[in-house]
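Okay, structure first, notes after.
Every chain is numbered from 1 and lettered A, B, ... according to where its sequence line falls, protein lines coming before strand lines.
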Number of protein chains: 2
Amino acid sequence: MRPTTLQPAISLAEQKAIILQEGRRVTSYDVALVAGVSQSAVSRCFKPGASVSKKTYERVMKAAEGLEYIPNAAARSLITRRTNIVAIVVSHSSMLYNPAALSELSQQLNRRGKRALLFTMQHEGEIEQILTDVWQFQVDGVIAASKLTPAHVEEFRRRQVPLVVFNRHLRDMDVNTVLCDQFEASRALVSRLAAAGHRQFALIGGPEQNSVARERLRGALDRIEELGLPAAPVFYGCFDYSSGVAGLHELIARIGAVPDVVICGNDAMAMGCVDAARQHLHIDVPSQMSVVGCDAVEGSQWLSYELTTLRQPLHKMAIATADLMCGLIEADGEVEAEKRVFAAQFVEGETARLHAPRAVLAA
Amino acid sequence: MRPTTLQPAISLAEQKAIILQEGRRVTSYDVALVAGVSQSAVSRCFKPGASVSKKTYERVMKAAEGLEYIPNAAARSLITRRTNIVAIVVSHSSMLYNPAALSELSQQLNRRGKRALLFTMQHEGEIEQILTDVWQFQVDGVIAASKLTPAHVEEFRRRQVPLVVFNRHLRDMDVNTVLCDQFEASRALVSRLAAAGHRQFALIGGPEQNSVARERLRGALDRIEELGLPAAPVFYGCFDYSSGVAGLHELIARIGAVPDVVICGNDAMAMGCVDAARQHLHIDVPSQMSVVGCDAVEGSQWLSYELTTLRQPLHKMAIATADLMCGLIEADGEVEAEKRVFAAQFVEGETARLHAPRAVLAA
DNA sequence: TTGTAAGCGTTATCAC
DNA sequence: GTGATAACGCTTACAA
């Protein structure tokens with residue numbers, strides 16, 4: 001380290017010239033030199049709640065401003081073992097189909113003094129590579145909206161990196177989780193639709209590997225069986241609009257008739273299904289067939305759709321996730337894994353018939 | 001630093017136990033101890049293209065794997081002055097209304113070995129706070145999709161942090177920029193619509209402060225005037241669906257008649273406008289009135305809308321942005337500011353009449 | 001309250 | 001090729 005000789009304070013302009021000439025960055029040492037104090041005094045001035053005299057503080061701050069000094073986070077984190085960075089791991093598709101979630105998460109983290117390091121993946125398989133990077137960057141924690149194996153979770157524990165799983169159901173894993181109870185929501189949805197007289201259900205689900213999509217399907221199928229309704233065919237889509245279009249055509253072919261109601265794994269597919277019904281097949285929605293989505297994204301409530309759907313309390317979930325994460329970072333050690341489960345909110349919309357018709361006609 | 005005594009190599013298990021007991025992280029020093037080499041040898045093994053013998057390399061890697069060692073990026077960046085982190089500054093609204101842009105950018109950066117540190121802002125005013133953070137984190141560069149003052153740009157230059165402005169028009173500023181030529185696209189759009197016989201234009205723009213929105217308006221107004229068409233009233237919305245609905249009502253009130261065509265600053269507003277026309281006002285689109293959007297987002301091409309709009313080559317723009325940024329980081333010094341301008345692609349859709357009717361009737 | 005000095009975990013520059 | 005050793009810019013005992 002450079003000697004911390006305490007000279008009577010060099011002029012700001014002089015020091016600025018030196019820095020510029022040497023082509024280096026402004027350090028706390030430069031500030032100390034100009035302010036005429038020790039380097040550690042400068043450091044203390046930038047630490048909230050440290051003991052510094054008013055006089056010292058002012059001289060340091062003046063010098064710091066003059067030099068446009070800003071502490072180097074890398075150097076700080078090296079010793080504090082905190083980066084104030086939280087990684088968010090998210091798939092390309094959840095970003096496209098539910099951008100609000102990422103936006104909310106990022107905002108809630110920012111509000112708590114954390115920054116979001118974004119990792120997007122095309123395929124869930126890229127997780128290995130991403131985790132290697134995550135370890136390198138020494139992030140304070142990871143918020144994952146992606147599939148994780150027990151081995152991955154175990155590695156988080158070993159490395160003592162806090163992990164919160166967002167909106168994924170990691171069955172039987174002891175891991176912090178914030179999610180919406182898709183299973184229960186789907187069950188309740190089926191109950192309500194059945195009460196309105198719907199009997200033949202058909203399902204357009206998300207990708208088979210996706211845990212959220214799976215839960216939604218499971219809940220619906222579970223309740224359909226429980227109620228003794230006719231078996232519901234399932235079409236596995238990939239969350240995009242065209243899956244909804246293709247799904248409806250396929251399901252009708254399989255059943256050999258128009259189903260009473262189609263439950264879709266997200267809104268984009270539901271809107272595809274509505275459009276296919278109305279525009280390709282001239283089926284009136286909801287009088288001839290009901291369609292239900294999931295997520296209540298922006299466009300789903302626009303006049304051309306007014307989709308019947310389930311809204312996830314994204315804002316609350318983001319708050320819970322950020323709180324949980326910050327708690328874990330503070331705790332800095334063994335804490336019981338916590339699961340915060342939220343209920344989905346039903347959005348009535350205009351694409352499902354929710355009351356029994358005057359006279360229920362048997363087909 | 002700890003002494004680098006060269007003992008004959010300690011056993012992996014033993015060293016693991018020590019680390020666990022001391023509760024510290026695995027360092028290159030631990031790996032060196034187990035592999036029976038110097039710490040600097042370990043460092044070299046993790047630097048691509050460094051000169052190490054095969055034998056040393058293998059011993060080091062074996063020890064590293066056994067200890068699950070991963071280099072600490074903070075320590076590395078302290079000396080290399082590279083963090084491999086690029087900040088992306090983006091407003092809440094562009095994230096919601098154009099999530100694909102962020103997704104593409106993040107992906108292109110990842111592909112080039114850079115990570116994206118995400119900064120979202122609610123209001124463009126938060127930029128000050130964000131920049132302070134950006135300097136702290138010593139990011140290698142910043143991609144900004146937000147308004148910047150000349151003072152901000154100057155600070156980037158002073159701090160020698162590469163800056164690429166994405167899809168914003170910073171008039172008269174010497175700054176790297178990747179954007180779509182909104183002005184020209186709007187002019188061309190008006191020309192085409194005028195050729196199809198539209199005379200009375202009306203405009204629903206984005207927020208007045210937003211530079212992209214402003215360019216779109218300017219281009220349209222410019223060409224409308226040039227063609228000697230009737231003055232077009234402007235409604236300033238805020239990029240959301242309801243602005244489109246409100247905008248149409250307001251514009252019709254102002255003109256005292258239904259305009260021939262409404263040009264909207266983005267797709268969400270255009271879809272609002274289409275819905276308001278069809279469902280509130282019973283105006284047929286496009287036979288009685290044309291509506292044009294901008295961006296060609298996901299939902300705009302769905303059957304219920306099939307919006308006439310302008311597509312920005314987002315993928316290409318993201319590639320250009322990432323390339324430009326990486327080039328700047330490599331160059332590490334004075335480079336001429338570069339502006340890469342892309343042309344918007346016209347999407348015909350079904351909400352605008354694009355050919356002159358058989359007989360053009362004067363009102 | 002303040003200054004001294006010892007790290008944090010790397011990379012880079014040397015001799016050997 | 002390899003190992004000492006000096007940075008990088010900061011925080012934090014500890015001594016004064």
Side-chain angles (χ1 to χ4, degrees), chain A residues 1-9 19 22-33 35-60 64 67 69-84 135-138, chain B residues 1-9 19 22-33 35-60 64 67 69-84 135-138:
Chain A
M1 202 71 245
R2 305 190 208 81
T4 320
T5 39
L6 255 191
Q7 281 161 6
I19 295 165
E22 296 181 1
R24 49 185 188 75
R25 299 188 164 165
V26 181
T27 71
S28 57
Y29 177 80
D30 297 311
V31 178
L33 229 50
V37 298
S38 76
Q39 181 272 333
S40 48
V42 176
S43 172
R44 276 193 286 264
C45 288
F46 283 88
K47 181 183 171 166
S51 90
V52 240
S53 73
K54 191 162 184 173
K55 190 179 135 198
T56 306
Y57 181 81
E58 277 162 6
R59 280 170 61 186
V60 166
L67 291 169
Y69 166 73
I70 289 192
N72 181 323
R76 170 182 292 161
S77 75
L78 200 51
I79 188 144
T80 60
R81 293 148 157 279
R82 286 260 132 76
T83 52
N84 288 327
W135 311 139
Q136 282 214 21
F137 283 109
Q138 311 280 122
Chain B
M1 203 71 242
R2 304 190 207 81
T4 320
T5 40
L6 256 189
Q7 283 161 4
I19 294 165
E22 296 182 0
R24 49 186 190 75
R25 299 186 164 167
V26 181
T27 72
S28 57
Y29 177 79
D30 297 311
V31 177
L33 229 50
V37 298
S38 74
Q39 183 273 333
S40 35
V42 176
S43 173
R44 275 193 287 266
C45 289
F46 283 89
K47 179 180 171 167
S51 88
V52 237
S53 73
K54 192 161 185 172
K55 190 180 135 198
T56 306
Y57 182 82
E58 277 162 6
R59 279 169 61 185
V60 166
L67 292 168
Y69 166 74
I70 290 193
N72 182 324
R76 170 181 293 161
S77 74
L78 200 51
I79 189 140
T80 59
R81 290 148 158 279
R82 286 259 133 76
T83 51
N84 288 327
W135 309 139
Q136 283 214 22
F137 283 110
Q138 312 278 123

### Query
Are the side chain of A/Arg24 and the backbone of A/Ile19 linked by a donor-acceptor contact shorter than 3.5 Å?
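Between the backbone of A/Ile19 and the side chain of A/Arg24 there is no qualifying donor-acceptor contact (under 3.5 Å).
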### Message
If we ignore hydrogens and angles and just use 3.5 Å, is the side chain of B/Arg44 paired with the main-chain N or O of B/Val52 as donor and acceptor?
### Response
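The answer is no, because no donor-acceptor pair under 3.5 Å joins these two groups.
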Out of [options], whichever nucleotide has its closest atom nearest the side chain of [X]:
X	options	result
B/Leu78	C/dT10, D/dC8, C/dG3	D/dC8
A/Arg25	D/dT2, D/dG9, C/dT2	D/dG9
A/Gln39	C/dA12, C/dA5, D/dC8	C/dA5
A/Arg44	C/dG3, D/dC10, C/dG9	C/dG3
A/Ile79	C/dG7, C/dG9, D/dG9	C/dG7
B/Thr56	D/dC10, C/dT10, D/dT2	D/dT2
B/Thr80	C/dA12, C/dT13, C/dT10	C/dA12

Is any side-chain nitrogen or oxygen of [X] closer than 4.0 Å to OP1 or OP2 of [N]?
X	N	result
A/Lys47	D/dT12	yes
B/Ser38	D/dT2	no
A/Tyr69	D/dC10	yes
B/Tyr57	D/dT2	no

### Task
Assess the side chains of B/Gln39 and B/Ser28: does a donor N or O sit below 3.5 Å from an acceptor N or O?
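There is such a pair (donor and acceptor under 3.5 Å, judged by atom type) between the side chains of B/Gln39 and B/Ser28.
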### Query
If you measure only the distance, is there a donor-acceptor pair under 3.5 Å linking the side chains of B/Ser53 and B/Thr56?
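Yes, a side-chain donor-acceptor pair sits under 3.5 Å.
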For atom [atom1] of [X] and atom [atom2] of [N], their distance in whole Å:
X	N	atom1	atom2	result
A/Asp30	D/dC10	CG	C1'	13 Å
A/Lys55	C/dT2	NZ	P	8 Å
A/Arg81	C/dG9	CZ	C1'	10 Å
A/Gln138	C/dG9	CD	C1'	9 Å
A/Lys54	C/dT2	NZ	P	14 Å
B/Glu22	C/dG9	CD	P	11 Å
A/Leu67	D/dG9	CG	P	14 Å
B/Asn72	C/dG9	CG	C1'	6 Å

### Task
Using heavy atoms to find the nearest nucleotide of DNA chain C for B/Ala74 and B/Ser40 separately, return the residue whose nucleotide is more 5′.
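Taking each residue's closest nucleotide, the earlier one in sequence belongs to B/Ala74.
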### Query
Which heavy-atom pair separates A/Val60 from A/Val37 by the least distance, and what is that distance?
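A/Val60 and A/Val37 have their closest heavy atoms at CG2-CG2, 3.8 Å.
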### Query
With side chains defined as the heavy atoms from C-beta onward, is the minimum distance between A/Arg25 and B/Gln138 less than 4.5 Å?
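Contact flag for A/Arg25/B/Gln138 side chains = yes.
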Hey, does [X] reach any base, or is it just sugar-phosphate, or nothing, if we go heavy atoms under 4.0 Å?
X	answer
B/Phe46	nothing
B/Ser53	sugar-phosphate
B/Ser43	base

### Query
Do A/Arg24 and D/dG9 share a donor-acceptor pair, side chain to base, under 3.5 Å?
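A donor-acceptor contact between them is absent.
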